[in-house]
There are 2 protein chains.
Amino acid sequence: MTRPPGSSRHRSRRPTIAVVGLGLVGGSIARGLTRGGWVVLGVDRPAAVRAARAARAIARGFASVEAAARRAQVVFLAAPPPANRKALRALAAMDPPPPVITDVGSVKAAICADARRLGLRGFVGGHPMAGTERRGFAASSADLFRGRTWVLVHARAAAAPGRAVATLARALGARVKRMRAAEHDRTVAFVSHLPQLVSWALLQAARRDPVAARNLDVAGPGFADMTRLAGSPRGLWREIVRENRREVTRALRALRSGLAGTLPGGS
Amino acid sequence: MTRPPGSSRHRSRRPTIAVVGLGLVGGSIARGLTRGGWVVLGVDRPAAVRAARAARAIARGFASVEAAARRAQVVFLAAPPPANRKALRALAAMDPPPPVITDVGSVKAAICADARRLGLRGFVGGHPMAGTERRGFAASSADLFRGRTWVLVHARAAAAPGRAVATLARALGARVKRMRAAEHDRTVAFVSHLPQLVSWALLQAARRDPVAARNLDVAGPGFADMTRLAGSPRGLWREIVRENRREVTRALRALRSGLAGTLPGGS
């Protein structure tokens, strides 16, 4: 972001970027890197590609992961988890695979293990801790990651790909933090996945109570804050929680015991 | 608020207001009504009275509830619940008691029953659904209630005092909603008290987990939203939850059963 397009003396050394999945996160990466002067190729369904091209978020759109990856040095996997896993297998089948591959998924142990099994030495697990309850390219923004933490998970042998991804994350305004996959997954169970489940459960409890349900208009800003996440896409989240089930179960147990302690006289 | 001081033809019909407790809510009522042209008397400890006078939130300060109430037509009880109950007894012992008494507490059944037992026919239970996690006069604002709901609970016989309080609540920018005490207490258990308990429990769970605790810096805006209420004054909230224990227990049970359903495969 510090070098506007064309002004850099190192322009020729900039990798071409492929972004697979042009939703909220992928669209924001595409917008931010394009604005920063990178050439960004997008992979998604025709309607999403058209929207991204119309917004000048990508230079060119592709329907297949391989077609874009052949022309790129860095590939971001920003589709839902099952699509990312499928894309990872497609990239591993390429000869050679792209030198740097990263993802933006909320759980890291499983996809990092997949990449290892597939022999993708240039894989860097990533998780930008940003988002909104809205979704899709229409909700994307070049500034989504500004001031947020972007977690990177990679083997020591993948130091160079790690640096390449870190440079891009920082160009998007994020602070890079390196973590082990297990440590990341346990932490996000507490600070992201559990809050998500609780937000749904709070809204559901209020909506299902016949008295509270007909008086929801009295709720103040605290309730609005606590149920904002409940607007997040449920299918995607169900997938995330399933993938991180062990850690989410641990966090849920801690929450329950904490709640039992808050009510005077126990419950 | 629509009539600036001195401009109203009905100036002489405006009641003098006493506000007991010049914290976040009482201070905001005093600021807003003073700005709107009412004469507001404040009751609190000397330091709080001095701060309120310096901010021109009150015309005059008093150390005793009775001394202020003798000079006022409407008394707002905005101290913590035990102090409000004590003030209510002091007002009931006056001859005659003030014509209109209202409170701003988060639970309504108990104080409305108290007022009934004490024979205070001018009592109107009130609950402005506004607040922040901050506290004290320093956090008060004339605009705290703007756009919020102000619940009023009163007997049909108290229609005139109800109208008087409603006028003041609307002057502060709030929308007035009349409810029965039981309905109010059950609703706020779901939309206010339970979210408060959950916010604490979420923060506590994350802080007590050794891995999550050392990585709290990765948390994104969702976690910040979900734990903002955890900064609220704990002693006051413990009191509120104790007073509304039956309804909070009901809400907590609903949350638990909801949470059990969110984890794929059960838990």
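The chains referred to below are lettered A, B, ... by the order of the sequence lines, with proteins before strands, and numbering in each begins at 1.
In this structure, the separation between CZ on A:Phe223 and OG1 on B:Thr187 is 10.5 Å, given to the nearest 0.5 Å. Interatomic distance, CE of B:Met226 versus CE of A:Met226, reported as 4.0 Å (0.5 Å rounding). In this structure, the separation between CG on A:Leu259 and CG on B:Leu194 is 7.5 Å, given to the nearest 0.5 Å. Taken from CZ in B:Phe190 to CG in A:Asn215, the straight-line distance is 11.5 Å, to the nearest 0.5 Å. The distance from atom CG of B:Asp209 to atom CD of A:Glu247, rounded to the nearest 0.5 Å, is 8.0 Å.
In terms of modelled atom types and a separation under 3.5 Å, the side chain of A:Ser192 and the main chain of B:Gly220 share no donor-acceptor contact.
Within the 4.5 Å cutoff, the side chain of A:Met129 has no heavy atoms near those of the B:Pro221 side chain. A heavy-atom distance below 4.5 Å is not found between the side chains of A:Leu229 and B:Asp225. Counting heavy atoms from C-beta on, the side chains of A:Met179 and B:Val218 come closer than 4.5 Å. Side-chain atoms of A:Arg214 and B:Glu183, non-hydrogen and from C-beta on, do get closer than 4.5 Å to each other.
The contact between A:Arg250 and chain B is made entirely by side chain atoms (from C-beta outward), counting heavy-atom distances below 4.5 Å. The parts of B:Ser199 that come within reach of chain A are both its backbone and its side chain, each placing non-hydrogen atoms under 4.5 angstrom from that chain. Of the two parts of B:Val211, the backbone and the side chain both hold a non-hydrogen atom closer than 4.5 Å to a non-hydrogen atom of chain A. With a 4.5 angstrom heavy-atom cutoff, B:Arg175 touches chain A only via side-chain atoms.
Ranking B:Val198, B:Thr149, B:Asp217 against chain A, the residue ahead of the rest is B:Asp217, based on heavy-atom pairs under 4.5 Å. Comparing A:Val191, A:Thr227, A:Val188 by heavy-atom pairs within less than 4.5 Å of chain B, the highest count is held by A:Val191. Of the listed residues (B:Gln196, B:Arg148, B:His193, B:Arg186), the one with the most heavy-atom contacts under 4.5 Å to chain A is B:Arg186. Counting heavy-atom pairs under 4.5 Å between each of A:Gln204, A:His127, A:Arg228, A:His184 and chain B puts A:Arg228 at the top.
Here the shortest heavy-atom pairing between B:Gly258 and A:Ala201 reads C-CB, 4.3 Å.
For B:Arg178, the CZ atom counts as densely surrounded, since its 6.0 Å shell holds more than 12 non-hydrogen atoms of other residues, nucleotides or ligands.
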